[in-house]
Visitor: 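Below you will find the structure I want to go over with you.
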Amino acid sequence: MYSLTCFTIAAILSAAGVSARHSTSECAKGLKMFVSRGTNEPMGAGETGKVVKVISEQIDGSDYEAIRYPASFENPNYFLSVGNGTRLLKETITEYARACPDSKMAVFGYSQGAQITSNNFCGQPPIWSPYSGIDVTDIHGLVEFAKPLPKEVTKNVVAVVLFGDTTHRKDASYNRGNSTGSGIYWRADISACEGLGNRIRSYCDAGDPFCDVNMEPKGNPHLEYVYHYGNEVVEYVIEQYKSGSSNSSGTNVGSPSSPTHAPIQISGANGILSVPVSAIAIVLLVSSMM
Ligand SMILES: *[C@@H]1O[C@H](CO)[C@@H](O)[C@H](O)[C@H]1NC(C)=O
Ligand SMILES: *[C@@H]1O[C@H](CO)[C@@H](O)[C@H](O)[C@H]1NC(C)=O
Ligand SMILES: *[C@@H]1O[C@H](CO)[C@@H](O)[C@H](O)[C@H]1NC(C)=O
């Protein structure tokens, strides 16, 4: 069943030509989107690709770019992969904000990709120690760049969307979904992300073993965020795009094109995230290190 699902979705994705379409050197006239995929998803936008593809069809002059980080659990190991991705996302957004100061951005991350995304917007070294007891301060280079991106870089970011963030905090005001607990690597300081106000949402459902350790894992909510919330996220991001960035004046951004409001179709119940195995592996890794 899984292989059939994977095959079907992979076929749909390749038929739709989902890939990074433009390099950061091109400034989007509409919305520029950056996507960080989850653990073990093939290079590209992954499951989140379905969402950003619909948005790019709804806002003229929009495109998206997938962050080309390992997204691995092993080889390189999860922590190094997160470090790589955190740095890469930071460089990509910083460079884009400098090259395209008039362009609005939205940033998406799924699972491990959500962790690298929130690393950049929330900051907070050492990232993983509070819950798991893992001291990562000695992982070269990781802590130094795990600081919130400065305002001159984030001022045109209209939306940050996290799905199943491992660093999810149960008390964040920007949470969506029905989880009641925090993630396996919950973040001690979320003040920078709270400061984004309406510009950030973190989706986490009850029983997701990565973002909600409050419950016994139940079903596979970690794989279902796009299925349950894809349409809601499309509407949210389009609305954020129209209503502007952190500056209410909005003088620095072009006037929005009129998105059409054709019904948004996001199909498929299961993603292609091959996390069931790595999910268990990460939980085992964490418990063995405690
Ligand atoms: C980060 O990962 C990418 C993709 O796997 C790889 O090409 C790149 O060399 C890595 N960078 C570092 C600094 O390890
Ligand atoms: C949480 O929300 C998801 C998505 O709507 C739903 O499938 C699930 O049953 C809900 N879980 C609980 C415990 O309410
Ligand atoms: C945003 O507002 C601040 C304070 O008013 C101003 O200094 C800054 O230049 C504005 N940025 C943009 C991009 O308009």
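Everything numeric here is computed off the predicted structure, so don't read it as measured data. What you see below is based on every heavy atom in this structure, not just the backbone, and it leaves out hydrogens, waters and symmetry mates. Counting starts at 1 for both ligands and their atoms, following the listed order.
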Visitor: When you check the gap from the basic side-chain N to the acidic O, do Lys50 and Glu47 get nearer than 4.0 Å?
Guide: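 Looking at Glu47 together with Lys50, the answer is yes, because their closest N to O distance falls below 4.0 Å.
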
Visitor: Out of all atoms in ligand 2, which are within 4.0 Å of some heavy atom of Tyr229? Include the element for each.
Guide: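 By the 4.0 Å cutoff, the relevant atoms are 2 (O), 4 (C), 5 (O).
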
Visitor: How far is atom 12 (C) of ligand 1 from its nearest protein heavy atom, and which residue and atom is that?
Guide: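 For this ligand atom, the closest protein heavy atom is Asn84 ND2, 3.3 Å.
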
Visitor: Taking atom types as modelled, find out whether Ser81 and Gln112 have a side-chain donor-acceptor pair closer than 3.5 angstrom.
Guide: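 Yes, a side-chain donor-acceptor pair sits under 3.5 Å.
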
Visitor: More than 12 heavy atoms of other residues, nucleotides or ligands under 6.0 Å from CD of Glu74: yes or no?
Guide: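 Incorrect, the count does not exceed 12.
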
Visitor: If you count the atoms of ligand 1 from 1 in the order shown, which ones are under 4.0 Å from a heavy atom of Arg68?
Guide: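 Numbered from 1, ligand 1 contributes 3 (C), 4 (C).
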
Visitor: How close does the nearest protein non-hydrogen atom get to atom 11 (N) of ligand 2, and which residue and atom is it?
Guide: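 Among all protein heavy atoms, the one nearest atom 11 (N) of ligand 2 is Asn178 ND2, 2.9 Å.
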
Visitor: Which residue holds the protein heavy atom closest to atom 5 (O) of ligand 1, what is that atom called, and what is the gap in Å?
Guide: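 So the nearest neighbour among protein heavy atoms is Pro70 CG, 3.6 Å.
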
Visitor: Starting from atom 3 (C) of ligand 2, what is the nearest protein heavy atom, named by residue and atom, and what distance separates them?
Guide: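 Its nearest protein heavy-atom neighbour is Asp205 OD2, 3.4 Å.
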
Visitor: In Å and rounded to the nearest 0.5 Å, what is the CD to CG distance from Glu194 to Asp189?
Guide: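 Nearest 0.5 Å value for the CD-CG distance: 10.0 Å.
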
Visitor: Which atoms of ligand 2 sit under 4.0 Å from any heavy atom of His228?
Guide: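 Listed by number with element: 4 (C), 5 (O), 7 (O).
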
Visitor: Anything under 30° is parallel, anything over 60° is perpendicular, the rest tilted; go ahead and classify Tyr110 against Phe163.
Guide: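 Plane angle between 30° and 60°, so tilted.
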
Visitor: May I ask you to identify the nearest protein heavy atom to atom 13 (C) of ligand 2, giving residue, atom name and distance to one decimal place in Å?
Guide: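 I find the closest protein heavy atom is Ala206 CB, 3.9 Å.
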
Visitor: Side chain or backbone of Tyr227 under 4.0 Å from ligand 2, or both, or neither, by non-hydrogen atoms?
Guide: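 For Tyr227, there is no contact with ligand 2 at all, from either part.
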
Visitor: For the residue pair Tyr225 and His222, does the interplanar ring angle fall in the parallel (under 30°), tilted (30 to 60°) or perpendicular (over 60°) class?
Guide: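 Rings of Tyr225 and His222: perpendicular, as their planes differ by over 60°.
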
Visitor: Cation over ring, Arg199 on Tyr174, under 6.0 Å and within 45°?
Guide: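 Because its charged atom misses either the 6.0 Å distance or the 45° angle limit, Arg199 does not stack over Tyr174.
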
